[in-house]
Asks: 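Sharing a structure with you now.
Within every chain, numbering begins at 1; the chains are lettered A, B, ... in the order of the sequence lines, protein sequences first and strands thereafter.
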Amino acid sequence: DAKTTQPPSMDCAEGRAANLPCNHSTISGNEYVYWYRQIHSQGPQYIIHGLKNNETNEMASLIITEDRKSSTLILPHATLRDTAVYYCIVRAPGNQFYFGTGTSLTVIP
Amino acid sequence: DARVTQTPRHKVTEMGQEVTMRCQPILGHNTVFWYRQTMMQGLELLAYFRNRAPLDDSGMPKDRFSAEMPDATLATLKIQPSEPRDSAVYFCASGLVPSGGARYNEQFFGPGTRLTVL
């Protein structure tokens, strides 16, 4: 069962930062937060993950609140190719990923 | 560029027929996952394996679905007999869990098999 809640959809202007929120109020102390995205009908693609500290890579930044009950994925300069469904996932024991419904991000020219 | 491969990419079959989907995980990965995606249910975890042993298949309908890993380079998902409600995209993913049991890992997804059961 998904342990995260996300808004079903968001729009973002091309070139602007896209901030995608996620609530995971029941997260355990040793569970990581992962973000994946799925473009059209392709397989989901890993973006970033974190435990406590904020993380940044070439694709995005992940901001995790101090109480770890929520996080935000930031795409600093959204492009049209970032239009996708973004999944916030809390990793359950045993390595299962439960994807939930995700946020459909539309980047607008 | 290591990738998960899945065959066939598309399959159309008639109700009652057996369907076999194959997945080749990334070489060296020790976990394999099967997911099903439909418009109504989204992405559902069906089963997963670690070191070729099934660890959890609770998401899979037992009466008609079966998943196996004959060897480390091949995972199969079979449906017998198939039904129209099985129409979906089936994704395979693989990952590497370090022997130390680190609590994080990335899953690499294949392109999926789009199954249509008429």
Asks: Shortest non-hydrogen contact from A:Tyr46 to B:Glu106?
Replies: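 The answer is CB-OE2, 3.2 Å.
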Asks: Find out whether A:Ser41 and B:Val89 are in side-chain contact, i.e. whether some heavy atom of one side chain is under 4.5 Å from a heavy atom of the other.
Replies: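 No, too far: nothing below the 4.5 Å cut-off.
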Asks: Got more than 12 heavy atoms from elsewhere within 6.0 Å of CZ, A:Arg68?
Replies: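 More than 12 heavy atoms, drawn from other residues, nucleotides or ligands, come within 6.0 Å of this atom.
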Asks: Do you know the tightest heavy-atom contact between A:Tyr36 and B:Gln107?
Replies: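 What the structure gives for the nearest pair is OH-N, 2.7 Å.
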Asks: Can you hop from B:Tyr90 to B:Val19 via hydrophobic side chains spaced under 4.5 Å?
Replies: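 B:Tyr90 and B:Val19: one cluster.
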Asks: Using a 6.0 Å cut-off, check whether atom CG of B:Leu27 has over 12 heavy atoms from anything other than its own residue.
Replies: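 Result for CG/B:Leu27: open.
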Asks: Less than 4.5 Å to any heavy atom of chain B: does that hold for the side chain of A:Gln45, its backbone, both, or neither?
Replies: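 For A:Gln45, neither part sits under 4.5 Å from chain B.
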Asks: A:Tyr86, A:Ile63: one ILVMFWY side-chain cluster at the under-4.5 Å cut-off?
Replies: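 No, A:Tyr86 and A:Ile63 fall in different hydrophobic clusters.
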Asks: More than 12 heavy atoms of other residues, nucleotides or ligands under 6.0 Å from CD of A:Glu14: yes or no?
Replies: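 Check passes, neighbour count above 12.
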Asks: Below 4.5 Å, heavy atoms only, C-beta onward: do B:Gln37 and A:Phe99 meet side chain to side chain?
Replies: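 In short, these two side chains do not touch, never coming nearer than 4.5 Å.
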